[in-house]
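Every heavy atom of this structure was used, including side-chain atoms; hydrogens, water molecules and symmetry mates were not. Residue numbers begin at 1 in each chain, while the letters A, B, ... track the order of the sequences. Note that this is a predicted model, so its numbers are computed, not measured.
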Amino acid sequence: MGEQFIGPRGTNDLFPPETQKWVFVEEIIRRKAESFGFQEIRTPIFEHTELFSRGIGEGTDIAAKEMYTFIDKGGRSITLRPELTAPAVRAYLQNFPMPGTRIQDGRKILQGSPPFVKWCYFGPAFRYERPQSGRYRQFHQFGVEAIGSKHPDLDIEVIQFALQVFKSFFLENLEVKLNSIGCSSCRPSYREVLRKHFYDHLEQLCEDCKTHRYEKNPLRILDCKSQKCAPFILGSPIPIDYLCEECKTHFNAVQHRLKELQVPYSLDPRLVRGLDYYTKTVFEVISGSLGAQNSVCGGGRYDDLIETLGGPSVPAVGFAAGMERLMLLIQDNLPGFKKAPLLYAVPLGEKAEDFMVPLIFRLREEAEMKKIRLHIERDYQGKNLSAQLKEASRLRADFAVILGENELNEKKLILKNLNTRKQEDLPLNSIENSQENLKNISNQILEKITVFLEEIKTFEKKFDPVLELKEKINHGK
RNA sequence: GUGGGUGUAGCUCAACUGGUUAGAGCAUCGGACUGUGGCUCCGAGGGUUGAGGGUUCAAGUCCCUUCACUCACCCCA
């Protein structure tokens, strides 16, 4: 087989019809984002390493061992983004002017309200992990961030947006998990309570919990799935019992709204998330049909992140969802995509080509001006008539334009409807490829085609993608 | 990083307990049909059996190493 290049581990190539599905799905998400007022942003795929190590926390698995980091030619440490929230915050701080600040106890205190933005994004992210179903080294996320307000209704709007997106794809059997992990004022004391709880059993905990988590971030012990830790986690104190007044009111407000809006959710006191920047509300949407990597989307509040990254204290909330995982869930439900009707041009011989090439060019322009969606293709391998028509059939072409020696001599051109197998001659005034002549012929062809297309159109109304999708869902399971 | 499963033609898979020249379907290309397509028939090309080493008279098959894919742990989207 020789030596062949294959793509790096954990990366994927996308081809039609997959690419069409992605475009379709992204477009629906964009429309949904528009109605929520989340505006699309684009930030670089790489950033200074420091942004991530500080942003998501030195101790986290992501920062500690999953980052694609390299030194560039200027000696800077650069990292391919493993997530998009930290870059969004960086972009926010860099581009949106703050009101005046005063320094108090080494912290920047805002004199007025910070700029408020509601953003959404799409794009690739990179983590060095062993790939498996729903997990890749280059994967794609979409998500939203609302920066500049601590209003609990924004937590709701973010969750609602995620659910609305999933709903537009008729996804069922999704579960919303919710928790609150407190803030910088109540978490330290809770942390101590946790340490005390686990202290007596320290020797019986798993390696990771014993050595790292207990010291660095005892909350993450709650998230540990090891058999060893399970019995001690069961009886451990949970974050919501130790929330400060502010966090408690916030969490109550969030839950109140969720109930009011009849959003089904379940409290999960062990949901703590793997990134250090979360505060207060955290949530996750999981699916039972994804295998081990069952989380479709995860997010929450990050009221301290902007300050961690060198800005003033600005509250924010957001989530990120995995495109690959979303596609896994919905791709069987997605409809086939209507292609533009195909016109296959069949020039036989050099003279015919000399006329056909400018004609094709002109046809494309005329079709566009008349807003006729038409795909025009031809043969480039000098095949004979039979073979070219065979190719046209293989490509499911709807029409063929045939031009050979005979036609040139008789000053005509054959337009064949490949569905009905009927063909007719279109007279040529001349075989000069003057613009006027080409335009004339183009319009003749397009006129004939339009008639056929009208017939097809009424037929295709049954195949409206959304209707078809709905039907599938209703009939299936 | 750790464990399980799997690697045979472009794709999907055969080849009994080790036994001649590794087969089939689909796909591709050509011909029947020197200018009218989807069908049919005939034919052709395509393989260092993932790679490297070992055992054996003999290895696709057994052993070791390595690589890739895949699922799971871990972690997360």
Side-chain angles (χ1 to χ4, degrees), chain A residues 1-12 56 59-67 81-85 121-143 162 206-209 212-213 220 223-227 271-275 282 284-287 290-299 318-329 344 346-349 352 379 381 383-409 414-423:
Chain A
M1 204 176 288
E3 233 175 82
Q4 261 193 29
F5 281 111
I6 54 172
R9 181 165 222 194
T11 62
N12 292 109
I56 62 192
T60 61
D61 280 17
I62 296 175
K65 45 190 183 188
E66 294 176 1
M67 296 207 297
R81 64 185 184 199
E83 58 107 37
L84 308 215
T85 299
Y121 55 77
F122 299 80
F126 309 82
R127 287 181 204 172
Y128 189 87
E129 293 185 278
R130 280 286 275 273
Q132 74 189 69
S133 180
R135 190 172 83 182
Y136 309 97
R137 289 186 174 180
Q138 175 172 175
F139 59 103
H140 298 77
Q141 293 189 330
F142 73 88
C206 76
E207 267 318 292
D208 281 337
C209 289
H212 307 109
R213 293 177 186 147
R220 309 236 31 243
D223 200 30
C224 180
K225 280 117 196 162
S226 163
Q227 296 282 338
L271 179 68
V272 297
R273 321 264 323 135
L275 294 85
V282 290
E284 206 166 300
V285 180
I286 62 173
S287 159
L290 270 180
Q293 308 302 319
N294 62 0
S295 159
V296 205
C297 114
F319 79 83
M323 276 297 284
E324 282 83 358
R325 289 179 192 179
L326 177 62
M327 295 311 284
L328 276 178
L329 287 175
Y344 203 85
V346 181
L348 302 166
D379 165 76
Q381 297 169 307
K383 287 181 178 165
N384 60 31
L385 175 61
S386 177
Q388 289 198 42
L389 284 175
K390 198 173 177 180
E391 179 66 7
S393 313
R394 204 181 64 77
L395 294 171
R396 303 262 151 78
D398 300 282
F399 314 101
V401 187
I402 303 167
L403 183 70
E405 288 291 323
N406 298 346
E407 288 72 29
L408 287 170
N409 290 336
I414 299 173
L415 175 65
K416 180 163 186 166
N417 182 325
L418 293 172
N419 297 314
T420 62
R421 290 176 166 259
K422 282 180 188 151
Q423 66 182 46

Kindly point out which of [options] is positioned nearest to the side chain of [X]?
X: Arg421(A); options: C29(B), G37(B), C76(B); value: G37(B)
X: Leu348(A); options: G38(B), C73(B), G35(B); value: G35(B)
X: Lys416(A); options: C76(B), U36(B), C73(B); value: U36(B)
X: Ser393(A); options: A68(B), G35(B), G37(B); value: G37(B)
X: Arg273(A); options: A72(B), A77(B), C75(B); value: A77(B)
X: Ile414(A); options: G35(B), C75(B), G37(B); value: G35(B)

Applying a 4.0 Å non-hydrogen cut-off, can you work out what [X] is touching in the nucleic acid: base, sugar-phosphate, or nothing?
X: Phe319(A); answer: nothing
X: Lys65(A); answer: nothing
X: Glu324(A); answer: nothing
X: Asp223(A); answer: sugar-phosphate
X: Val296(A); answer: sugar-phosphate
X: Glu284(A); answer: nothing
X: Leu275(A); answer: sugar-phosphate
X: Ala320(A); answer: sugar-phosphate
X: Gly404(A); answer: base

What's the spacing between Ile414(A) CD1 and Gln423(A) CD if we round to 0.5 Å? 5.0 Å

Hey, what do you get for NZ (Lys416(A)) to NZ (Lys422(A)), rounding to the nearest 0.5 Å? 12.0 Å

Examine [N]: is either OP1 or OP2 under 4.0 Å from a nitrogen or oxygen in the side chain of [X]? Give yes or no.
X: Gln132(A); N: A72(B); result: yes
X: Ser133(A); N: C71(B); result: yes
X: Arg81(A); N: A77(B); result: no
X: Arg130(A); N: A68(B); result: no
X: Arg127(A); N: C75(B); result: no

Tell me if the side-chain of [X] makes a donor-acceptor pair with the base of [N], cut-off 3.5 Å, by modelled atom types.
X: Glu66(A); N: G1(B); result: no
X: Gln388(A); N: U36(B); result: no
X: Arg9(A); N: C67(B); result: no
X: Arg325(A); N: C76(B); result: yes

Whole-Å gap separating P (G1(B)) and CD1 (Ile62(A)): 18 Å

Tell me the partner of A72(B), counting only Watson-Crick (N1-N3 plus N6-O4 or O6-N4) or G-U wobble (N1-O2 and O6-N3) with both under 3.5 Å; none if nothing fits. U2(B)

Expressed in whole Å, how much space separates the [atom1] atoms belonging to [N] and [M]?
N: A58(B); M: A24(B); atom1: P; value: 29 Å
N: G47(B); M: U8(B); atom1: C1'; value: 8 Å
N: C33(B); M: U40(B); atom1: C1'; value: 13 Å
N: A32(B); M: C16(B); atom1: P; value: 42 Å

Min side-chain heavy-atom separation [X]-[Y] under 4.5 Å:
X: Arg135(A); Y: Arg127(A); result: no
X: Ser287(A); Y: Asn294(A); result: no
X: Asp398(A); Y: Leu418(A); result: no

Assert: residue with more 5' nearest nucleotide on RNA chain B, out of Gln293(A) and Ile402(A), is Ile402(A)

Closest to the 5' end of RNA chain B, once Gly291(A) and Pro8(A) are matched to their nearest nucleotides, is Pro8(A)

Glu66(A) side chain to Glu129(A) main-chain N or O, any donor-acceptor pair under 3.5 Å? no

For Lys383(A), does the NZ atom have more than 12 heavy-atom neighbours from other residues, nucleotides or ligands under 6.0 Å away? yes

